[in-house]
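Data block below; observations after.
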Amino acid sequence: MNKKIGFTCAYTPVPLIEAAGFSPFRIFPESKAPDQAGHLLHDNLCPHVKKVLDRALADDLPELEGMVFINSCDSMRRLADAWHEAKPDDPIILLDLPSGINSLSLDFLSKEYERLAKTLFKWNNEPFSTEKIKDEIAKWNLLAASVKKIEGIMSRNYFPGIASGLQEIINTAATDSTDKALVMAQNKIEPEKPAKGGQSPVFVFGNLLFDPKVYDLFEEWNMHVTASDFCTTSRFVTQVDTKADDNIFRSMAISYMEQTPCARTMDTTKPGNIAQKIVQRAKESNAKGVIVFTLKFCDPYLARIPMIRQALQKESIPFLMLEGDCTMGSMGQQQTRIEAFTEMLGV
Amino acid sequence: MMYDHFDNAVKGITDKLNQDPEGINARKKYVLELSKLGKKLYSKDENIAWCGVTAPFDLLGSMDVTSCFVEFVGALLSSTQTAGYFFEEAEDSGFATDSCAYHRAVMGAVLKNAMPEPDFIIGTSSPCTAGLAILENFAHQYKKDFFLLNVPQNYTQDAIKYLSSQLEEMVRFVSDHTKRPLSKQKLGIALENFNTSSTLLKEIYDLTKTKPSPVDNNILKDFGTVITLLMGSQEGIDICQAFKDELNHRIKTRRHHDSKEKIRLMWIQNRIQYPFPINEMLEDLGAVIVVDELNDVTWEPMDPDNPFESIAKRMISIPFSMNASERIKHLQDLACAYRIDGAINPCH
Ligand code: SF4
Ligand code: SF4
């Protein structure tokens, strides 16, 4: 069994972790660990970051050989600081992730990814190998292609259980191995149950929603999830376009920055473009309505909601905003609102 | 409304200064210059850029762009007690009630057409993700071009190179909008002015370190953050000189006595902007805020022969830009240098 590397952000390239001989372990913000993060960080930080820190403080984690943090937003950056304080002996690397996409930022990020790769190989006393990285990327890309296929099936028809099944595959890639996830994905390409009618097609997006059971609940509440955009769903399995550049790290930088970027990444040539992207994805997936799940105190998302709402309104696409802590536990409170919304959408 | 506010401030302060031509009146002169800047921002015949807090205002000034960080207006709306009206507008359009109050206020002002329309927008990733998100909203709302300066968090050669290349691109972006190329001579003057102001700032801060300190709780409030708007200009030098003179004068005339200064405090981050008598409350207790976190010169002198690299290093050196341990070390250094008894860290 490989030693594990912890990480918290979808901009962390799993192929680099696996190429260095480690297993990935994404730390999801769900645990029964007591609420202690407030001792180290301010209470007005998003529950994602606080729960991850709670897990670290309560030792509610497998043994980790090191942690990869990404400076994706202020909260994540502070999480890295707090982790260092809470676990001073843990090897940590913090990558600087540019906020905008342009040639300079891609150069910079490619150097950051290279720094990450070299650090990981060093942590495992392995000789640095671009070949290994390329092999892992090839596998990862197969997984990404399978995930895309499953998503395509999801958007065309309602197959009960497919959304939670997809989430299980993605979680396996995040917390175990690409190989295992790939086997699961290839078995899932043919839906287990026949297509059904009668559910309202909805596109869901937001920060993170990772518990497969949540998707089963959605189905109970009359929702057909046509597609999703969370940093824990298909956005996590970023296809690396190896032809994008001769330098593999630059190819990774291009792919991770450009594919359905999260709210914290901007296309400065089209300010507010995230709103258009959400509209486009909702339409492409044949959704009749859109639900956003946001976390309290998440500036990157909350500040973009007005633009997104405006853009959806313009297209007459109904929109529901739900705030919670992204866990299964908080979902029960949303049932009435979700059911009312799907009822209003019709089938 | 805002133009009138600044116009009245300029007239009122000018009258007061004319009545006391021999006086030093540093704070009044400073507020006068900021009000003039406010007036320019709201006049229609300037090239206006709304920016992030750490934008290079000296470089923009040398390109004849009137620029300002949006939080400056947020603070003003708060101090004039008009923020509430704009909060409502922002919240109605979907901005979260627990987001940064500066940003909610200015976003409300944008939606109510109370902010001058910029020619373009320059966002900075430091100090905060929230600020950058708001500037993207500005660009979206005004349909204006947006340039983003990503301020890396580590003081490495790669980081400095990355930021200086971005600054060069920013110059091209600005020139494309103003149709004026960068004048090396003007930039050289701005950087010289910046350096002179920096030297004066260091002298000001050295004076404030004395025990008892010549400052009261108001005189250098948020000074380090806001003076950057003026530092590339002659006015910036004059203001810094006035503060230095004022503090020297206070020390000479022993306006501040040991008996008054019982407790020396540091203020972390920026001050409370809405009317709240914290200064007076502290004064009653004999407590003096001798240093604000950002009242410090953390950069080396600007090198006019190497302007972009110098500015990049300066931007990264601001404590907010780096990781927490660097910021804490900076606070510890200030605590020792100013011999403080305690610190206040507000949350707003
Ligand atoms: S993007 Fe939002 S949810 Fe994610 S870590 Fe940052 S603040 Fe938290
Ligand atoms: S108060 Fe915080 S969120 Fe608001 S502008 Fe300042 S650093 Fe940014």
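Labels below follow one simple rule: chain letters A, B, ... track the order of the sequence lines, proteins then strands, and each chain is numbered from 1. For the numbers below, each heavy atom of this structure counts, side chains included, while hydrogens, waters and symmetry mates do not.
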| task | Identify, with sequence neighbours excluded, every residue that meets salt bridge (charged side-chain N to carboxylate O under 4.0 Å, His left out) alongside B/D119. | result | none
Sidechain-backbone polar pair: [X] side chain, [Y] backbone, donor-acceptor under 3.5 Å:
{"X": "B/Q273", "Y": "B/R271", "answer": "yes"}
{"X": "B/T66", "Y": "B/L41", "answer": "no"}
{"X": "A/D90", "Y": "A/I92", "answer": "no"}
{"X": "B/N137", "Y": "A/A303", "answer": "yes"}
{"X": "B/Q141", "Y": "B/M107", "answer": "no"}
{"X": "B/S310", "Y": "B/N306", "answer": "yes"}
{"X": "A/T294", "Y": "A/L302", "answer": "no"}
{"X": "B/S67", "Y": "B/A49", "answer": "no"}

Using a 4.5 angstrom heavy-atom cutoff, name the option from [options] with the most pairs to chain B.
{"options": "A/R264, A/R78, A/E323, A/E85", "value": "A/R78"}
{"options": "A/A82, A/S105, A/P300, A/A263", "value": "A/S105"}
{"options": "A/S99, A/G100, A/A275, A/S75", "value": "A/S99"}

| Are more than 12 heavy atoms from other residues, nucleotides or ligands located less than 6.0 Å from atom OH of B/Y85? | no
| field | Heavy atoms of other groups near B/E117 CD, more than 12 under 6.0 Å | value | yes
| query | Which bit of A/D107 comes within less than 4.5 Å of chain B, counting heavy atoms only: side chain, backbone, both or neither? | reply | neither
| Is it the backbone or the side chain of A/H84 that comes under 4.5 Å from a heavy atom of chain B, or both, or neither? |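 Interface part for A/H84: neither.
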How about [range] versus chain A: which residues have heavy atoms under 4.5 Å apart?
{"range": "residues 171-180 of chain B", "answer": "none"}
{"range": "residues 314-332 of chain B", "answer": "B/F320, B/S321, B/M322, B/N323, B/A324"}
{"range": "residues 144-151 of chain B", "answer": "B/K144, B/F146, B/L148, B/N150"}

What I want to check is whether the side chains of [X] and [Y] have a donor and an acceptor closer together than 3.5 Å.
{"X": "A/S251", "Y": "A/D245", "result": "no"}
{"X": "B/T129", "Y": "A/D74", "result": "yes"}
{"X": "B/N270", "Y": "B/D222", "result": "no"}

Heavy-atom pairs under 4.5 Å with chain A - which of [options] has more of them than the others?
{"options": "B/A130, B/P127, B/G123, B/S99", "value": "B/A130"}
{"options": "B/K143, B/E136, B/Q166", "value": "B/E136"}
{"options": "B/A96, B/S165, B/S125", "value": "B/S165"}
{"options": "B/H140, B/K161, B/Q153", "value": "B/Q153"}

| field | Worked check of side-chain hydrogen bond (donor to acceptor under 3.5 Å, both in side chains) between A/Y11 and A/T238 | value | CA-CA 9 Å; A/Y11 283 95; A/T238 297; over 6 Å; no
| Under 30°, 30 to 60°, or over 60°: which ring-plane class applies to B/F69 and B/F57, parallel, tilted or perpendicular? |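 Rings of B/F69 and B/F57: tilted, as their planes differ by 30° to 60°.
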| task | If the plane angle is over 60° it's perpendicular, under 30° parallel, otherwise tilted; pick one for A/F128 and A/F121. | result |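 Taking A/F121 first and then A/F128, their aromatic rings stand perpendicular (interplane angle over 60°).
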| When you measure from the centre of the six-membered ring of A/F319, is the NZ or CZ of A/R309 under 6.0 Å away and within 45° of the axis? |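 Checked: cation-pi criterion not met.
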| field | Interface moiety of B/N345 toward chain A, non-hydrogen atoms closer than 4.5 Å | value |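 Neither; nothing under 4.5 Å.
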